[in-house]
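Numbering of ligands and ligand atoms starts at 1, following listing order. The basis for the numbers below is simple: all heavy atoms, side chains too, and nothing from hydrogens, waters or symmetry mates.
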Amino acid sequence: MSEHVEIVIEGKTYQLPVVVGTEGEKAIDISNLRKMTGYITLDPGFVNTGSCKSAITFMDGERGILRYRGIPIEELAEHSSFREVVYLLIRGVLPTYKQVNRFSVLLNDHSLVHEDMRTFFESFPRASHPMGILSSMATTLRSFYPYLDTEEEIDITVTRLISKIRTLAAMSYKISRGHRVVYPRHDLSYCANFLNMMFDSPVRPYQIDEDVVRALNVFLILHADHEQNCSTCAVRVVGSARVNLYATISAGIAALWGPLHGGANQAVIEMLAHVTDKKATVKQLVERAKDKNDPFRLAGFGHRVYKTYDPRAKIMKKVCDNVLEKLRLHDPLLDAAKELEDIALKDDYFISHHLYPNVDFYSGIVLRAIGIPTNMFTVMFAIGRLPGWIAQWRESIEDPAWKISRPRQIYIGPTKTTYTPFEERE
Ligand code: SDX
C-alpha cells in the first residue's frame with residue numbers, strides 16, 4: 001500500500017501521508033494540509049473524519065464487529081463482569097484475580113459521597129430529570145475532592161467516579177421519591193450494590209436476584225465503550241482543555257442525554273408505549289418514520305457506524321428474553337418491539353437505508369424488567385459508558401500528538417461592513 005496520496009490543487013501536486021490501523025482502516029493524515037496548501041477540509045458531523053488514533057475499541061460497522069482491547073463483545077458479555085471490563089478498558093489488560101480483588105476494595109473505599117451533597121439533591125425540583133442531576137453532581141464532586149494532575153491522584157479520581165456514580169444515581173432516585181437514602185455495602189458486588197441502593201427499603205428489604213445482577217452486568221458491559229461516539233467526542237474535546245476529570249465527565253453525561261444518542265433508550269419505551277396504549281399501530285410508526293415530511297424517526301433504529309445489526313442489540317435481545325423468562329414477567333412492550341423490528345427489517349426503506357436495531361432498541365425493556373424507572377434509563381447508559389469515557393480521556397491526554405481541540409471553519413457571513421449609528425438604521 002502506498003504510504004501517501006497525492007492531491008492536485010490549482011495545478012500543484014501535494015503528497016499527504018496515509019495512516020493504516022491494525023485492522024486495515026486507512027486515513028489520509030491532513031494535519032499539515034493548511035500549512036502546505038492554505039486549504040482546510042469540511043466534514044459536518046465528522047462523518048468522514050477521524051479525530052485520533054485509539055487502541056481501546058474496534059468497531060466494524062459493515063460486519064457488525066465490536067471489540068474492547070481486541071476481545072469480542074460477545075465473549076465479554078458471556079464470560080466477564082462489568083468490574084472486570086472497567087479494568088480492561090482503563091488499564092488495557094484483563095486483571096489478574098489479585099488485581100480485580102484489589103480494585104473491588106478500592107471501589108468500596110470510595111463508594112460513599114460527602115453527606116453535604118445531600119443538600120444539593122434535596123434542592124432540585126422533584127421532577128428534575130436524573131441526567132441533569134447526574135451531570136451537575138459529577139461536576140460538584142470537584143468541590144468535595146481535590147484534583148491534581150499526578151498519576152496517583154488521577155487513579156484515585158477514576159476509582160471515585162466509577163464507584164460514586166452508582167451512589168449518586170441511587171441517591172437521586174431515592175430522594176426524588178422522598179425515600180430514605182440507602183448506603184453502599186462492602187459485602188455486595190458492584191451491580192448488586194447499586195440495585196440494593198436503588199430498591200432496598202426499611203419495610204421491604206431488597207432480595208438480590210443473581211439473574212437480575214447478571215442482566216445488569218451484561219447491560220453495563222454492552223454500554224462500556226463505543227470508540228468516538230458523540231459523548232466520547234465531547235469528553236475528549238472538553239478534556240483537551242485540561243479541565244479536571246469531574247467536569248470532563250459531566251460534559252459526556254450532558255451529551256449522552258440527547259435523544260439521538262443515549263436518550264434513545266427512554267425514547268424507545270415512550271414510542272413502544274404508544275403502541276401498547278393503542279395510540280398508534282406499529283405500521284403507522286413505520287410509515288411515519290419513512291415520511292420525509294415527518295420529523296419522527298424510529299427510536300432505537302439506525303446508527304452512524306453500524307450498517308448491519310448492532311451486535312449489542314443481538315445480545316440485549318437475548319438478555320431481554322432470559323430476564324423476562326427468569327422473572328416470569330411478560331412485557332407487552334417486548335411484543336411491540338419484536339413486531340416493529342419484524343416489519344421494519346422487511347421494509348425496503350429500512351433495508352435501503354441500512355437501518356437496524358441499535359443497542360437502545362431492547363435495552364429499555366431489560367431495564368424495565370429490573371425495575372429501573374424510565375427516566376433513569378440514560379443514567380444507566382452513563383454508568384455503563386463511564387469507563388469508556390475515562391479510558392478515552394486518559395488515552396487522549398497521554399497521546400504525544402495531544403493538543404487542545406480547536407477546529408477551523410468556512411466563514412459564510414457578511415463581508416466587511418461599517419458600524420451604523422442608531423439614527424441611520426431602519
Ligand atoms: C447511540 O455513535 C455511537 O456509537 C452511538 C451509540 C454509542 O454506543 O455511543 O451507539 C449509542 O447513540 C445509538 C443511536 C441511538 N439513537 C437513536 O436510536 C435515534 C434514532 N436514530 C437516528 O436518529 C439515526 O439513525 C442516528 C442519529 C443514530 C444516526 O444518524 P446519522 O448517521 O447521522 O444518519 P442520518 O441522520 O444522516 O440518516 C441517514 C438516513 C436519512 O434518510 P435520507 O435523508 O438519507 O433519505 O437514514 C434515515 C434518515 O432520515 N434515518 C432514519 C432513522 N435513522 C436514520 N429514518 C427513520 N428512522 C430512523 N431511526
Side-chain angles (χ1 to χ4, degrees), residues 43-51 54 56-62 64-68 73 77 85 89 131 219-236 252-272 282-316 337 340-341 343-345 347-365 377-378 380-389 391-392:
D43 185 19
F46 312 123
V47 178
N48 307 287
T49 297
S51 62
S54 178
I56 299 170
T57 292
F58 172 67
M59 290 170 64
D60 181 314
E62 282 65 36
I65 291 172
L66 174 60
R67 300 181 195 138
Y68 296 160
I73 192 67
V85 166
L89 285 170
M131 281 297 276
F219 173 93
L220 296 176
I221 288 169
L222 295 179
H223 286 80
D225 192 52
H226 218 233
E227 56 139 271
Q228 306 312 315
N229 59 85
C230 177
S231 52
T232 298
C233 181
V235 162
R236 279 183 173 257
I253 295 170
L256 190 72
W257 193 356
L260 293 188
H261 191 13
N265 52 21
Q266 177 173 343
V268 168
I269 295 299
E270 291 160 357
M271 174 182 75
L272 295 174
V282 166
K283 278 194 183 318
Q284 284 167 338
L285 290 181
V286 169
E287 288 316 308
R288 280 193 60 194
K290 291 158 58 177
D291 179 355
K292 283 295 153 229
N293 301 316
D294 188 333
F296 173 77
R297 289 191 167 181
L298 283 192
F301 257 77
H303 199 276
R304 172 65 56 81
V305 175
Y306 290 125
K307 298 312 169 192
T308 181
Y309 214 105
D310 182 333
R312 303 168 297 175
K314 278 184 193 161
I315 299 167
M316 196 68 83
L340 179 57
E341 177 188 353
I343 292 174
L345 294 189
D347 184 290
D348 288 344
Y349 172 89
F350 290 86
I351 294 167
S352 62
H353 283 79
H354 306 291
L355 300 174
Y356 293 86
N358 58 48
V359 68
D360 293 303
F361 191 63
Y362 285 104
S363 59
I365 297 167
F377 284 8
T378 311
M380 300 309 294
F381 193 146
I383 295 173
R385 185 51 53 87
L386 180 59
W389 287 331
Q392 299 272 353

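In this structure, Met59 falls outside the shell of residues with a heavy atom less than 4.0 angstrom from ligand 1. Residue contacts with ligand 1: Tyr349 is included, with a non-hydrogen atom under 4.0 Å away. Residue contact annotation: Arg312 has a non-hydrogen atom under 4.0 Å from ligand 1.
Put simply, atom 34 (O) of ligand 1 has no protein non-hydrogen atoms near it, under 4.0 Å away. Under the 4.0 Å distance rule, the nearest protein heavy atom to atom 39 (C) of ligand 1 falls outside the cut-off. Proximity of atom 26 (C) of ligand 1 to the protein is not indicated, since no non-hydrogen protein atom lies closer than 4.0 angstrom.
With ligand atoms numbered from 1 in the order given, ligand 1 contributes 2 (O), 3 (C), 4 (O), 5 (C), 9 (O) to contacts under 4.0 Å with heavy atoms of Asn229. Residue His226 approaches ligand 1 through these ligand atoms, each under 4.0 Å from one of its heavy atoms: 3 (C), 4 (O), 6 (C), 7 (C), 8 (O), 9 (O), 10 (O). Of all atoms in ligand 1, listed by their number and element, those nearer than 4.0 Å to a heavy atom of Ala264 are 15 (C), 16 (N), 17 (C), 18 (O). If you number the atoms of ligand 1 from 1 as listed, the ones under 4.0 Å from a heavy atom of Arg304 come out as 29 (C), 31 (P), 32 (O), 33 (O). In summary, the atoms of ligand 1 found under 4.0 Å from a heavy atom of Gly300, numbered by their order in the structure, are 17 (C), 18 (O).
Checked by distance only, ligand 1 and Leu298 come closer than 3.5 Å through their nitrogen or oxygen atoms. For ligand 1, one of its N or O atoms has an N or O atom of His261 under 3.5 Å away. Inclusion of Asp360 in the set of residues having an N or O under 3.5 Å from an N or O of ligand 1 is not warranted. For ligand 1, the polar-atom distance check finds no N/O of Asp310 at less than 3.5 Å from any of the ligand's N/O atoms. Between Phe301 and ligand 1, a contact under 3.5 Å exists for at least one N or O pair.
Checking Glu227, His303, Arg288 against atom 3 (C) of ligand 1, the nearest heavy atom belongs to His303. Nearest to atom 44 (O) of ligand 1 by heavy atom, out of Lys292, His223, His354, Lys290, is Lys292. With distances taken over non-hydrogen atoms, the option nearest atom 59 (C) of ligand 1 out of Arg385, Arg297, Gln228 is Arg297.
The shortest contact between atom 47 (O) of ligand 1 and any protein heavy atom is with His353 CD2, 3.5 Å.
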Audit row: Leu345, Phe301, side-chain contact (heavy atoms from CB on, under 4.5 Å) steps and yes/no: CA-CA 10 Å; Leu345 294 189; Phe301 257 77; 4.2 Å; yes
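Distance alone, capped at 3.5 Å, is enough to place a donor-acceptor pair between the Asn265 side chain and the Phe377 backbone. Within the 3.5 Å criterion, the main-chain N or O of Asp225 finds a donor-acceptor partner in the side chain of Tyr68.
Counting heavy atoms from C-beta on, the side chains of Trp257 and Ser231 never come closer than 4.5 Å.
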